[in-house]
Amino acid sequence: MSDRDPQPVERQLPTEEARDLLALVREIAQREIAPKAAEEEDAGRFPREVFTLLSDSGLLGLPYDSEYGGGDQPYEVYLQVLEELAAARLTVGLGVSVHTLASYGLAAYGSKQQQVEHLPAMLGGGLLGAYCLSEPSSGSDAASLRTKAVRDGDGWVITGTKAWITHGGIADFYTVMARTGEDGPRGITAFLVPGDADGVSGAAPEKKMGMKGSPTAQVHFDGVRVGDERRIGEEGQGFAIALSALDSGRLGIAACAIGVAQAALDQAVAYATQRRQFGRPIADFQGLRFMIADMATQIEAGRALYLAAARLRDAGRPFAKQAAMAKLHCTDTAMKVTTDAVQILGGYGYTVDFPAERFMREAKVLQIVEGTNQIQRMVIARHVAGPEGR
């Protein structure tokens with residue numbers, strides 16, 4: 001469309017291995033993901049073969065230990081991989097983030113025996129995971145979940161319904177938070193449930209505004225029996241595991257948001273430098289130049305924010321506040337940048353002939369998933385000003 005091709009993002013990467021990794025990811029994204037994104041999203045098609053390719057390429061377990069099939073990569077590298085994938089197609093970038101989230105509980109809290117038995121297949125064996133915390137009546141108030149796990153001999157019977165589950169109905173394994181004790185956060189335990197276990201079923205996928213290729217569905221657990229060896233961590237530790245996982249998962253959402261925003265900026269710049277009005281490219285007009293400058297600045301700020309949080313995580317330092325800030329800022333940035341991209345394209349931006357409208361529809365969900373941005377503001381305020389009601 002334009003003689004000005006998008007410039008690759010200038011990345012600060014810690015090693016030559018990381019630079020080679022990002023080059024591989026860009027190649028896969030440009031060859032296997034981006035060319036089919038618009039058509040497959042419109043058709044609501046989930047690209048399972050892409051996830052198989054990513055698994056075969058060692059890209060589904062990047063932040064985990066190589067002893068179990070992971071990539072031994074720091075979060076600052078893993079998140080930039082997510083950004084590249086999301087820029088090509090959010091269904092893929094978010095799917096990798098969710099799979100990483102679903103693997104977190106076992107990788108961080110599982111026993112050595114559990115890790116040896118399950119992680120190699122989860123991280124590099126072609127499996128796809130889902131994370132089950134939200135329910136029809138407990139979203140932001142996740143500690144009020146009602147799905148129950150009841151002891152039965154040397155195992156557990158899980159009964160209940162989870163909602164808004166990415167990969168719901170197609171996942172090979174589910175990390176499930178279920179109530180095993182008292183009301184509230186201390187009565188919740190985490191379990192690793194096989195996707196093909198008797199009693200596990202997915203409802204029809206939700207009909208969504210965007211990300212139509214990524215199945216989001218309720219998952220029903222109807223008397224699902226699992227052995228105690230599939231309990232992750234201690235009884236009553238599940239909510240702490242869930243919150244710890246979400247701190248890292250929010251960084252994944254932030255990186256995906258910047259990927260979508262970057263793709264929208266690239267589209268807007270390409271269009272603005274090609275489209276001519278009043279005898280010159282519309283990119284020459286100060287009003288649009290200022291929009292483009294603001295878009296680029298907010299993207300760079302978001303990228304710096306999620307990478308700063310990732311480096312804290314990699315150093316073993318607390319990062320929950322920074323993760324909430326990154327999720328908040330990056331997803332709000334994605335919504336603003338994609339909306340501005342549609343505006344720059346004018347009438348064409350409102351048509352499906354250009355991806356700008358798809359980017360805008362996809363950006364909206366990132367302000368909602370893994371903790372709404374209102375919840376992020378509550379988390380940040382608690383870190384800065386202390387808990388409410390003191």
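Please read these numbers as outputs of a predicted model, since none were measured by experiment. Along the sequence shown, residues carry numbers from 1.
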**OP:** Spell out, as yes or no, whether a donor-acceptor pair under 3.5 Å connects the side chain of Tyr78 to the backbone of Gly252.
**Re:** no
Original post:
Taking Glu41 for the side chain and Gly213 for the main chain, is one N or O donor matched with an acceptor at less than 3.5 Å?
Top reply: yes
**OP:** State plainly whether the residues Asp332 and Lys336 are in salt-bridge range, i.e. N to O under 4.0 Å.
**Re:** no
**OP:** Please determine if Arg151 and Glu235 form a salt bridge, counting it only when a charged side-chain N lies under 4.0 Å from a carboxylate O.
**Re:** yes
Original post:
Which residue, Trp156, Tyr174, Phe221, Phe173, forms the ring pair (Phe, Tyr, Trp, His ring centres under 6.0 Å) with Phe191?
Top reply: Trp156
**OP:** Could you walk me through whether Tyr131 and Tyr104 pass the ring-ring contact (aromatic ring centres under 6.0 Å, His included) test, one step at a time?
**Re:** CA-CA 10 Å; Tyr131 178 82; Tyr104 174 87; 9.1 Å; no
Please determine, by modelled atom types, if [X] and [Y] share a side-chain donor-acceptor pair under 3.5 angstrom.
{"X": "Ser248", "Y": "Arg313", "result": "yes"}
{"X": "Glu83", "Y": "Tyr306", "result": "yes"}
{"X": "Asp266", "Y": "Gln262", "result": "yes"}

Original post:
Under 30°, 30 to 60°, or over 60°: which ring-plane class applies to Phe354 and Tyr271, parallel, tilted or perpendicular?
Top reply: perpendicular
Original post:
Is it true that the NZ or CZ of Arg280 lies under 6.0 Å from the centre of Phe285's six-membered ring and within 45 degrees of the ring axis?
Top reply: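 Yes, Arg280 sits over the ring of Phe285.
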Subject >> CD on Gln277 to CG on Leu288, rounded to 0.5 Å >> reply: 10.5 Å
